Peer 1: 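Dropping the structure in here first, questions after.
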Amino acid sequence: MATAKQTARPERYNPHAIEKKWQEIWAATDLYRVTDDPNRPKWYHLTMYPYPSGNLHIGHWYAMAPSDAAARYKRMSGYNVLFPLGFDAFGLPAENAAIKHGIHPYTWTMANIAHMREQLRSMGTMADWSREVVTCLPEYYRWNQWFFLQFYKKGLAYRANAPVWWCPQCQTVLAFEQVVDGRCERCGTEVYRRELEQWFFRITNYAEELLDFGGIQWPERVKAMQRNWIGRSEGARVAFKTETNRSIEVFTTRPDTLWGATFLVLAPEHPLVNELTTPEQREQVEQYVLQARRESEIERTAVTREKTGVFIGSYAINPVNGARVPIWIADYVLMSYGTGAIMAVPAHDQRDFAFARKYDLPIIVVIEPEGEELDPATMTEAFAGDGVMIQSGQFNGTPTAGGEAVRRVIAWLDETDRGHGEITYRLRDWLISRQRYWGTPIPIVYCEACGIVPVPEDQLPVVLPENAEFTPTGQSPLVTDPEFVNTTCPGCGGPAKRETDTMDTFVDSSWYQYRYLSPHFDQGPFDLEAAARWTPVDQYTGGIEHATMHLIYSRFFTKAIRDLGLLDFNEPFLRLMTQGIILGEDMEKMSKSRGNVVDPDALVAQLGADVVRLFLMFVAPWEMGGPWSSRGIAGIERFVNRVWSLVTETAANPVNQPEDAGAQRLRRLTHRTIRAVTEDIAEFHFNTMLARLMEFVN
RNA sequence: GCGGAAAUGGCGGAACGGCAGACGCGACGGUCUUAAAAACCGUUGGGGAGACCCGUGCGGGUUCGAAUCCCGCUUUCCGCACCA
């Protein structure tokens with residue numbers, strides 16, 4: 001604080017007066033209103049919009065303040081920069097708050113948004129609030145419904161009875177991506193499979209295209225995670241006929257080992273299991289199936305677990321050599337991958353080898369390594385390396401290196417109609433149905449006469465009714481509102497019932513970047529002209545935790561919207577930067593229970609937003625994240641004070657001297673600093689950028 | 001197991017083929033003060049009185065020169081995983 005003695009000197013840095021003054025001026029002059037300007041190049045910097053939980057935490061600041069700084073830099077170097085903010089306003093926490101406190105989700109959400117908007121203002125962002133998007137408003141979610149209808153028309157949205165992941169705590173189904181280690185991504189409860197009729201988006205249609213990252217600059221690790229997630233496997237589909245003339249399809253990546261297939265293994269849930277089980281094996285098989293069903297997915301998929309299985313009594317014929325092979329079931333074969341059945345080649349696959357040894361099944365070597373002879377009787381592990389095909393009819397002698405054998409065998413399978421080349425993906429279709437209240441109603445009507453009827457576009461939005469029972473019952477809360485449920489069929493006018501499931505909130509965030517361009521546009525999801533001017537997004541910033549959900553769904557949506565003819569590019573986000581996580585001072589993840597949470601509001605009240613922002617840029621390499629340091633922020637405070645006194649004192653006592661050697665050195669350093677800072681900020685190396693500036697001030 | 005990232009002072013981290021440790025924190029010494037805090041100035045990888053010597057997870061290699069490039073390990077973090 002300034003004392004009486006110091007009044008002759010320039011005033012000390014007072015962040016509160018300065019920030020208040022300028023934030024008021026920015027608001028009054030509408031400084032950050034973005035308009036089209038053909039004279040300047042455009043730059044669309046999008047930062048992931050927050051969920052309105054009620055409070056901005058330090059992680060929000062860490063994500064947004066440096067993003068804001070990067071966007072500002074672009075603006076100050078001549079670009080017409082769009083940096084919008086909004087709120088991801090649908091979702092489970094609002095429903096939980098409603099149940100807990102008796103507040104309507106809408107009231108709770110909108111109050112949180114009002115508070116967080118003010119917190120974001122206190123951060124001093126250059127956000128253009130006139131473009132704010134709030135996804136729980138009908139003017140927004142109407143277009144989720146519109147997209148759903150377009151996808152439905154194109155066969156990209158479909159309803160299917162499928163085994164789905166069910167969270168007993170949240171009383172809802174989850175998307176494949178939302179199950180982490182067999183547990184609900186949100187509440188951590190163990191989930192299980194259940195058969196339900198649900199809505200899906202056919203994201204697998206785009207699996208191949210989603211593997212192509214051409215033309216976008218994304219971090220290697222995000223691309224790797226997505227590749228991994230999509231999980232492409234090249235191989236062949238081959239049909240094994242049973243002795244009762246049923247066909248069991250298997251997928252294999254090693255068709256060149258077909259001659260070594262000595263048994264088949266089906267998933268316990270495989271539809272043919274019941275029919276193919278012989279009377280003498282029935283009791284054992286049924287017991288095993290029951291046991292597998294009781295076990296959680298975690299137990300079933302544990303790597304260390306010993307393989308178990310049961311012979312079901314039937315045999316199939318190996319289509320390449322006519323060999324009679326027994327059919328088994330085992331819980332390590334998953335119904336959800338491939339065809340739910342495998343051919344087992346114990347000589348050349350370690351899992352099959354272990355299984356064969358345990359149950360004393362035959363092992364036939366069909367790939368011989370160079371200069372070595374494998375003896376099935378004495379082998380201790382499967383041979384998975386390259387070699388030459390043997391005991392494989394006309395393919396004997398074919399080398400396996402470079403995929404040669406695989407290609408030739410696939411060609412032959414195709415010719416002789418025994419099978420065909422196939423590519424399998426780990427990626428599943430996106431399950432979008434949720435048995436929840438606080439989401440976008442799915443615009444479908446069920447009519448006894450006409451069946452599934454999409455709501456006509458001119459009847460959108462299907463508005464979420466205000467009165468519904470939120471308490472989870474396992475059914476959608478919307479079921480409890482007869483006024484909503486009972487309707488008339490748009491086709492025949494007869495009585496009909498509305499779909500009561502709502503959409504996954506990831507639908508909202510899959511296209512919000514387009515809505516910012518014309519947030520109140522009512523002729524379509526977005527103004528095509530505005531989209532043509534601003535999109536795709538030049539720079540996207542956000543958390544790495546969205547690598548396999550939001551960032552895949554968004555890419556899918558953009559490709560699907562392109563195929564509707566609304567966009568003419570393939571990728572929504574050209575350049576992606578992901579920030580790390582700010583940990584507590586104890587190097588642990590911040591959590592209330594650990595008591596290591598840093599409250600940004602308190603810091604801003606004490607030090608001002610600029611000091612907090614600068615420190616978050618300095619504390620760690622932005623992409624890495626790191627531990628918070630309550631001591632370290634004092635260094636930034638000193639730095640800002642030094643800059644302030646340097647500038648104000650120089651202004652108070654200007655010196656006009658001819659350029660001496662010192663001034664020349666300073667000039668040189670100034671230019672070196674400008675150059676270094678320019679390079680650093682372009683790469684989001686904010687910590688070294690600040691180090692440069694400190695050096696310069698020193 | 002597969003894929004990705006990483007390992008550098010007391011701490012967070014710079015440098016990414018050319019003086020290792022920028023910048024910040026902390027620590028120590030000093031100026032100011034009756035005193036303290038703040039602020040400011042200086043010192044701060046280890047060893048040695050010193051010229052010097054040793055130092056970037058471990059082991060090799062390439063190079064006039066390696067924290068940086070190559071090969072082989074170890075450990076940590078992240079994602080995926082009985083994926084057929």
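To find a chain, count down the sequence lines: A is the first, B the second, and so on, and within it residues start at 1. Predicted model only: the values in this text are computed from it and were never measured.
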Peer 1: Taking only the P atom of each, what is the distance from B/G1 to B/U56 in whole angstrom?
Peer 2: 29 Å
Peer 1: Write down the distance between CD (A/E695) and C1' (B/C23), rounded to a whole number of angstrom.
Peer 2: 7 Å
Peer 1: Taking only the C1' atom of each, what is the distance from B/A38 to B/G48 in whole angstrom?
Peer 2: 39 Å
Peer 1: Among the candidates B/G24, B/C2, B/A5, find the nucleotide nearest to the side-chain atoms of A/M694.
Peer 2: B/G24
Peer 1: Does B/A20 have a Watson-Crick or wobble partner in any strand here, with both distances under 3.5 angstrom, and which is it?
Peer 2: none
Peer 1: A/E306 pairs by salt bridge (charged side-chain N to carboxylate O under 4.0 Å, His left out) with which of A/R357, A/R351, A/K358?
Peer 2: A/K358
Peer 1: Measure from the side-chain heavy atoms of A/T253 and tell me the nearest of B/A14, B/A84, B/C82.
Peer 2: B/A84
Peer 1: How close or far is atom P of B/A81 from atom CG of A/N228, stated in whole angstroms?
Peer 2: 8 Å
Peer 1: Is A/R555 atom CZ crowded by more than 12 heavy atoms from other residues, nucleotides or ligands, each under 6.0 Å away?
Peer 2: yes
Peer 1: Between B/A5 and B/C83, how far apart are the C1' atoms? Round to whole Å, please.
Peer 2: 24 Å
Peer 1: So does A/R675 have more than 12 non-hydrogen atoms from other groups sitting under 6.0 Å from CZ?
Peer 2: no
Peer 1: Let me know the distance between CZ of A/R638 and P of B/C23, rounded to the nearest Å.
Peer 2: 15 Å
Peer 1: Can you identify which nucleotide, out of B/A84, B/A15, B/C23, has its nearest atom closest to the A/T688 side chain?
Peer 2: B/A15
Peer 1: Looking at A/N698, does any N or O in its side chain come under 4.0 Å of the phosphate oxygens OP1/OP2 on B/G24?
Peer 2: yes
Peer 1: Rounded to the Å, how far apart are A/D586 CG and B/G12 P?
Peer 2: 14 Å
Peer 1: When you compare B/C23 with B/G29, how far apart are their P atoms, in angstrom units rounded to a whole number?
Peer 2: 23 Å
Peer 1: So A/P621, base contact, sugar-phosphate only, or nothing? Heavy-atom distance under 4.0 Å.
Peer 2: sugar-phosphate
Peer 1: Checking base pairs now: Watson-Crick or wobble, both atom distances under 3.5 Å. What partners B/G9?
Peer 2: none
Peer 1: Under 3.5 Å, is there a donor-acceptor pair between the side chain of A/S392 and the main chain of A/I390?
Peer 2: yes
Peer 1: Distance check needed: B/A84 P versus A/I423 CD1, whole Å only.
Peer 2: 13 Å
Peer 1: Whether A/S233 contacts B/A84 is assessed here as follows: a side-chain N or O lying under 4.0 Å from the phosphate OP1 or OP2. Is that the case?
Peer 2: yes
Peer 1: Between A/T548 and A/S629, which residue's closest nucleotide on RNA chain B lies nearer the 5′ terminus?
Peer 2: A/S629
Peer 1: Between A/R426 and B/A81, is there a side-chain N or O to OP1/OP2 distance below 4.0 Å?
Peer 2: yes
Peer 1: Taking A/H348 for the side chain and A/I367 for the main chain, is one N or O donor matched with an acceptor at less than 3.5 Å?
Peer 2: yes
Peer 1: Using purine N1 to pyrimidine N3 plus N6-O4 or O6-N4 for Watson-Crick, or N1-O2 and O6-N3 for G-U wobble, each under 3.5 Å, what pairs with B/C73?
Peer 2: B/G57
Peer 1: Quick check with a 6.0 Å cut-off and a 45 degree axis cone: is A/R613 positioned over the face of A/W61's six-membered ring?
Peer 2: no
Peer 1: If you check every side-chain atom of A/D331, which of B/G79, B/G24, B/C82 has the closest atom?
Peer 2: B/C82
Peer 1: Closest approach to the side chain of A/M225, judged atom by atom: which nucleotide of B/A39, B/G79, B/C80 is it?
Peer 2: B/G79
Peer 1: Taking atom P in both B/G72 and B/G24, what distance in whole Å separates the two?
Peer 2: 41 Å
Peer 1: In terms of side-chain heavy atoms of A/R642, which of B/G4, B/C82, B/C40 is nearest?
Peer 2: B/C40
Peer 1: From the options B/G4, B/C23, B/A14, select the nucleotide whose nearest atom is closest to the side chain of A/A224.
Peer 2: B/G4
Peer 1: Check for a donor-acceptor pair, side chain of A/N318 on one end and backbone N or O of A/W259 on the other, with a separation under 3.5 Å.
Peer 2: no
Peer 1: Choose from B/G4, B/A84, B/A39 the nucleotide whose nearest atom is closest to any side-chain atom of A/R351.
Peer 2: B/A84
Peer 1: Please determine, for B/U63, whether a Watson-Crick or G-U wobble partner exists with both distances under 3.5 Å, and give it or none.
Peer 2: none
Peer 1: Between B/A22 atom C1' and A/R672 atom CZ, what is the distance in whole Å?
Peer 2: 13 Å
Peer 1: Between B/C82, B/C23, B/G26, spot the one nearest the side chain of A/A691, thanks.
Peer 2: B/C23
Peer 1: When the P atoms of B/U76 and B/G21 are considered, how many whole Å apart are they?
Peer 2: 31 Å
Peer 1: Quantified in whole Å, what is the P atom distance between nucleotide B/G61 and nucleotide B/G45?
Peer 2: 31 Å
Peer 1: Please give the distance between the P atoms of B/U68 and B/G57 as a whole number of Å.
Peer 2: 8 Å
Peer 1: Name the pairing partner of B/G29, where a pair is Watson-Crick or G-U wobble with both distances under 3.5 Å, or state none.
Peer 2: B/C41
Peer 1: Test the A/K307-A/F355 pair against the cation-pi criterion, namely NZ or CZ under 6.0 angstrom from the six-membered ring centroid and within 45° of the ring axis.
Peer 2: no
Peer 1: To the nearest Å, how far apart are A/M617 CE and B/A14 C1'?
Peer 2: 17 Å
Peer 1: Using the glycosidic torsion, which applies to B/G60: syn (within 90° of 0) or anti (everything else)?
Peer 2: anti
Peer 1: For A/L669 and B/A22, give me the distance from atom CG to atom C1', rounded to whole Å.
Peer 2: 13 Å
Peer 1: Quick one: is B/A14 close enough that its OP1 or OP2 comes under 4.0 Å of any side-chain N or O from A/N687?
Peer 2: yes
Peer 1: Any idea which of B/A6, B/G26, B/A84 is nearest the A/M624 side chain?
Peer 2: B/A6
Peer 1: With a 4.0 Å cut-off on heavy atoms, is A/V619 in touch with a base, just the backbone sugar-phosphate, or nothing at all?
Peer 2: sugar-phosphate
Peer 1: Can you work out whether A/T339 or A/H685 has the more 5'-proximal nearest nucleotide on RNA chain B?
Peer 2: A/H685
